[in-house]
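Heads up: the structure comes next, in C-alpha cells.
Starting from 1, each residue takes its place in the sequence as its number.
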Amino acid sequence: GQGPKHYVMISDYAEGKFMTLFPADKGYVIEREVMGIDDKGKVHKEKLGPLPQADFYAAIRTVPLDQAKKLSDREMDGRLVSGFQLVATRERAAGTSTYTRTYWVDPRSKLPVRIETTIRSTDPKMSNSEFVQRDIVFDAPLDEALFSTDPPAGYHDLSAATDEKE
C-alpha cells in the first residue's frame, strides 16, 4: 500500500452509531461490526450496538487513587502537575496482559492534562502498545455537527471497497 491513511472516528456510544471518515478520499464507512478475539483465542465478529456504559469522563473521575502509586510532581508545559500510576494485570488463557496508566493531573482543577498508557502482553495475538492522550480540554464549546454520525455532504460510502478487501 501507500502507507497509513489519516482518518477520523466518530462514535456515539449511547446510540451505538460509529463512523470512520477518510478526508483525503472524501469517503466514509459506517461501522456495524468489529472483529474480536475471545479469551480462548477464537476470532469472531461482533455487532456494534449501544454502549452507554462507555463514559470517558467517568473513567477519569473514578480513577482509584487509593490503588495508585504517587509519582513525584513535575513541570509539564509550564505548570506543575501531580503524577499517579496504576498497574493492572489481566490473565487470559493465551497469556497475561499488563496495563500501566500514568495520569498527570493539574492539582488545582484535579483534571488530567496527560494520560500515558502502556500495554505489554505475553499473548501472541496481542501487540505491545504505547499511547498518550494529551492536550485534553474540558468543557470547550463545540459545534454539535462535529459529532454527527451522518456522513458529511460530498463524502461517498467506502463500505463496498472495505468489504471487497475481507
Side-chain angles (χ1 to χ4, degrees), residues 1-24 28-31 33-39 41 46 48-149 152:
Q2 299 175 336
K5 292 213 175 208
H6 293 278
Y7 58 91
V8 176
M9 296 177 71
I10 301 171
S11 305
D12 181 339
Y13 285 95
E15 297 294 321
K17 295 180 179 180
F18 308 90
M19 178 174 57
T20 304
L21 300 176
F22 299 90
Y28 68 90
V29 174
I30 303 292
E31 310 293 347
E33 59 188 16
V34 293
M35 299 298 287
I37 301 174
D38 66 21
D39 287 344
E46 187 174 318
L48 291 170
L51 297 165
Q53 71 277 14
D55 184 341
F56 177 72
Y57 293 111
I60 290 172
R61 284 191 303 270
T62 59
V63 172
L65 292 179
D66 59 322
Q67 299 172 22
K69 174 184 171 187
K70 173 71 173 99
L71 304 175
S72 299
D73 291 354
R74 74 179 214 196
E75 188 174 318
M76 186 177 290
D77 298 326
R79 64 178 160 184
L80 189 65
V81 293
S82 299
F84 302 90
Q85 190 172 73
L86 285 164
V87 178
T89 302
R90 183 174 181 190
E91 301 282 340
R92 298 179 122 178
T96 302
S97 299
T98 302
Y99 301 81
T100 303
R101 291 181 180 88
T102 304
Y103 298 84
W104 296 102
V105 178
D106 179 311
R108 287 181 303 218
S109 68
K110 308 286 191 248
L111 294 172
V113 296
R114 181 179 173 102
I115 303 170
E116 302 164 356
T117 303
T118 302
I119 303 169
R120 298 286 180 256
S121 184
T122 60
D123 181 344
K125 291 183 175 66
M126 281 192 69
S127 61
N128 293 330
S129 302
E130 293 181 6
F131 56 94
V132 174
Q133 294 166 294
R134 61 181 177 81
D135 303 324
I136 303 169
V137 177
F138 292 89
D139 299 324
L142 298 170
D143 182 348
E144 281 295 315
L146 292 170
F147 304 98
S148 173
T149 53

Greater than 12 external heavy atoms within 6.0 Å of Arg108's CZ: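 Not more than 12 within 6.0 Å, no.
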Residues, nucleotides or ligands: over 12 heavy atoms within 6.0 Å of Asn128 CG: yes
N/O donor-acceptor pair under 3.5 Å between Thr122 side chain and Thr96 backbone: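 A pair under 3.5 Å: yes.
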Shortest non-hydrogen contact from [X] toward [Y]:
{"X": "Val81", "Y": "Pro107", "value": "CA-CD, 4.2 Å"}
{"X": "Thr117", "Y": "Arg101", "value": "OG1-CG, 3.8 Å"}
{"X": "Ala94", "Y": "Pro124", "value": "O-CD, 3.7 Å"}
{"X": "Ile119", "Y": "Met126", "value": "CG2-CE, 4.0 Å"}

Test log, rule side-chain contact (heavy atoms from CB on, under 4.5 Å), inputs Ser148 and Met19: CA-CA 9 Å; Ser148 173; Met19 178 174 57; 5.9 Å; no
Rounded at 0.5 Å granularity, tell me how far [atom1] in [X] sits from [atom2] in [Y].
{"X": "Leu21", "Y": "Met9", "atom1": "CG", "atom2": "CE", "value": "10.5 Å"}
{"X": "Arg120", "Y": "Ser129", "atom1": "CZ", "atom2": "OG", "value": "8.0 Å"}
{"X": "Glu33", "Y": "Glu46", "atom1": "CD", "atom2": "CD", "value": "10.0 Å"}

Identified side chain to side chain contact (heavy atoms under 4.5 Å, CB included) partner of Val113 from the options Arg134, Gln133, Arg79: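 Considering Arg134, Gln133, Arg79, a side chain to side chain contact (heavy atoms under 4.5 Å, CB included) with Val113 is found only for Arg79.
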Option from Val132, Ile136, Thr102 for which side chain to side chain contact (heavy atoms under 4.5 Å, CB included) with Ile115 holds: Ile136
Check: Lys70 and Ser82 side chains under 4.5 Å, non-hydrogen atoms: yes
Of Tyr13, Tyr28, Phe147, the residue whose pairing with Phe18 passes ring-ring contact (aromatic ring centres under 6.0 Å, His included):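 Considering Tyr13, Tyr28, Phe147, a ring-ring contact (aromatic ring centres under 6.0 Å, His included) with Phe18 is found only for Tyr13.
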Verdict with supporting geometry, Glu15 and Thr149, side-chain contact (heavy atoms from CB on, under 4.5 Å): CA-CA 10 Å; Glu15 297 294 321; Thr149 53; over 6 Å; no
Aromatic Phe84 / basic Lys69 pairing, under 6.0 angstrom, 45° off normal: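 No.
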Donor on one side chain, acceptor on other, Thr118 and Glu130, under 3.5 Å: no
Aromatic plane relationship, Phe22 with Tyr7 - under 30° parallel, 30 to 60° tilted, over 60° perpendicular: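 Aromatic pair Tyr7/Phe22 classed tilted.
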Residue pairs, two or more places apart or on separate chains, that pass ring pair (Phe, Tyr, Trp, His ring centres under 6.0 Å) and touch residues 94-138: Tyr57-Phe138
